[in-house]
Amino acid sequence: MKKPRVLSGMRPTGPLHLGHLHGVLKNWLKLQDKYECFYFIADWHALTTEYESPEHIVDYSKELFLEWLSVGLSPEKSILFLQSAIKEHAELHLIFSMFIPVAWLERNPTYKEMLQDLQNKDLNTYGFLGYPVLQASDILIYKAQKVPVGVDQLPHLELTREIARRFNYLYKVDYFPEPEPILSEVPKIPGIDGRKMSKSYGNAIFLNDSPEEVKEKVMDYITDTLRPKKSDPGDPENRCVAFNLIRLYFLPEEKEEIVRDCKNAILGCVECKKRLSEKIISELTHIWEKRKEIEKEDWKEILYSGIEKAKEIAHQTIEEVNLIVFRKKII
Ligand code: SF4
């Protein structure tokens, strides 16, 4: 039986960090064994917010691709490609934009939130308002049945489903499937200062940091502020930011020991964070070693091959869509 098709993408707006690794990539790795996965570098989406300084998008795209391969995304299992290499995404976006009511886009909660959050950028643009339409094109051009999303992205996927319904209704066809969410539990990954890990907050541990940088950053993590001395009992689950990473990196019995020794004031934060940085470095070492191998390979060939596979499907979809919309071929 054919595996259901999954699509997901990532914007190349900076180096990858532990938030991406645990929040997105580990989930993608699991999915690639169960589904026919399409993963793409969303460079056009990056342009919606970075249009004033787009000079890093190409470098970040390359970096993203190399890191994907280094963490274990496999071109044998998944189709890995670059959005802007497949012009059919843009063509479908154009066709959809003819019949999407502006009100559907203006009511999008993420749109309002991002306008608020990114006040240093002028996002009152046609492209930024329409980015959920581009997302719908990314998904529907491959007729993906499943999309991995966090709860906060559900309104976006609902919009894609509405666009699929509207197309099918307007042109009296049953052409586009309504993609279903694969809801993934996203672990909480705060940065050094306790806010969400992000390049723009300067609080991230990047996958390409050196072991020394990892050690220093882990040492800077906020711990239980009501525990200035080792002899003060701590409350890791409720007051320690670093404990969110400890949760991810230690085995259950090791975690229990840390919680017990912290509460009993036996374990100090310096020793605890030293153990944590060793765990993180040990995981990253596998990625660093794989990265060295990948850099020796012809990674561009791997990307071209993914683009070719994606393009074949996208091209067929756009041919069919044009035939549905215009009823007949002009040439
Ligand atoms: S000992 Fe570990 S868990 Fe306890 S407060 Fe310090 S860093 Fe957090």
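Order of appearance sets the numbers: ligands from 1, and atoms from 1 within every ligand. For the numbers below, each heavy atom of this structure counts, side chains included, while hydrogens, waters and symmetry mates do not. These figures come from a predicted structure and were not determined experimentally. Residues take their numbers from the sequence shown, with the count starting at 1.
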For atom 4 (Fe) of ligand 1, closest protein heavy-atom neighbour: Cys262 SG, 2.4 Å

Verdict with reasoning, Lys146 to Glu180, per salt bridge (charged side-chain N to carboxylate O under 4.0 Å, His left out): CA-CA 5 Å; Lys146 304 268 181 191; Glu180 304 278 343; 5.7 Å; no

Parallel, tilted or perpendicular: rings of His56 and Tyr60 (30°, 60°): tilted

Atom 2 (Fe) of ligand 1: the protein heavy-atom neighbour that sits closest, reported with distance to 0.1 Å: Cys272 SG, 2.4 Å

Aromatic ring proximity His89/Tyr142, centre distance under 6.0 Å: yes

Which of the ligand 1 atoms, numbered from 1, are nearer than 4.0 Å to a heavy atom of Asp224: 5 (S)

Among Gly234, Pro236, Ala265, Cys269, closest by any non-hydrogen atom to atom 5 (S) of ligand 1: Cys269

Cys240 near ligand 1 by a heavy-atom separation under 4.0 Å: yes

Protein residue, atom and distance nearest to atom 7 (S) of ligand 1, heavy-atom basis: Thr223 CG2, 3.4 Å

Joint cluster assignment, Val102 & Ile100, ILVMFWY side-chain distance < 4.5 Å: yes

Nearest neighbour in protein (non-hydrogen) for atom 1 (S) of ligand 1: Arg227 NH1, 3.2 Å

Within one Ile-Leu-Val-Met-Phe-Trp-Tyr cluster: Phe176 and Trp104, side-chain cutoff 4.5 Å: yes

Glu254: which of Arg275, Arg260, Lys279 passes salt bridge (Lys or Arg N to Asp or Glu O under 4.0 Å): Lys279

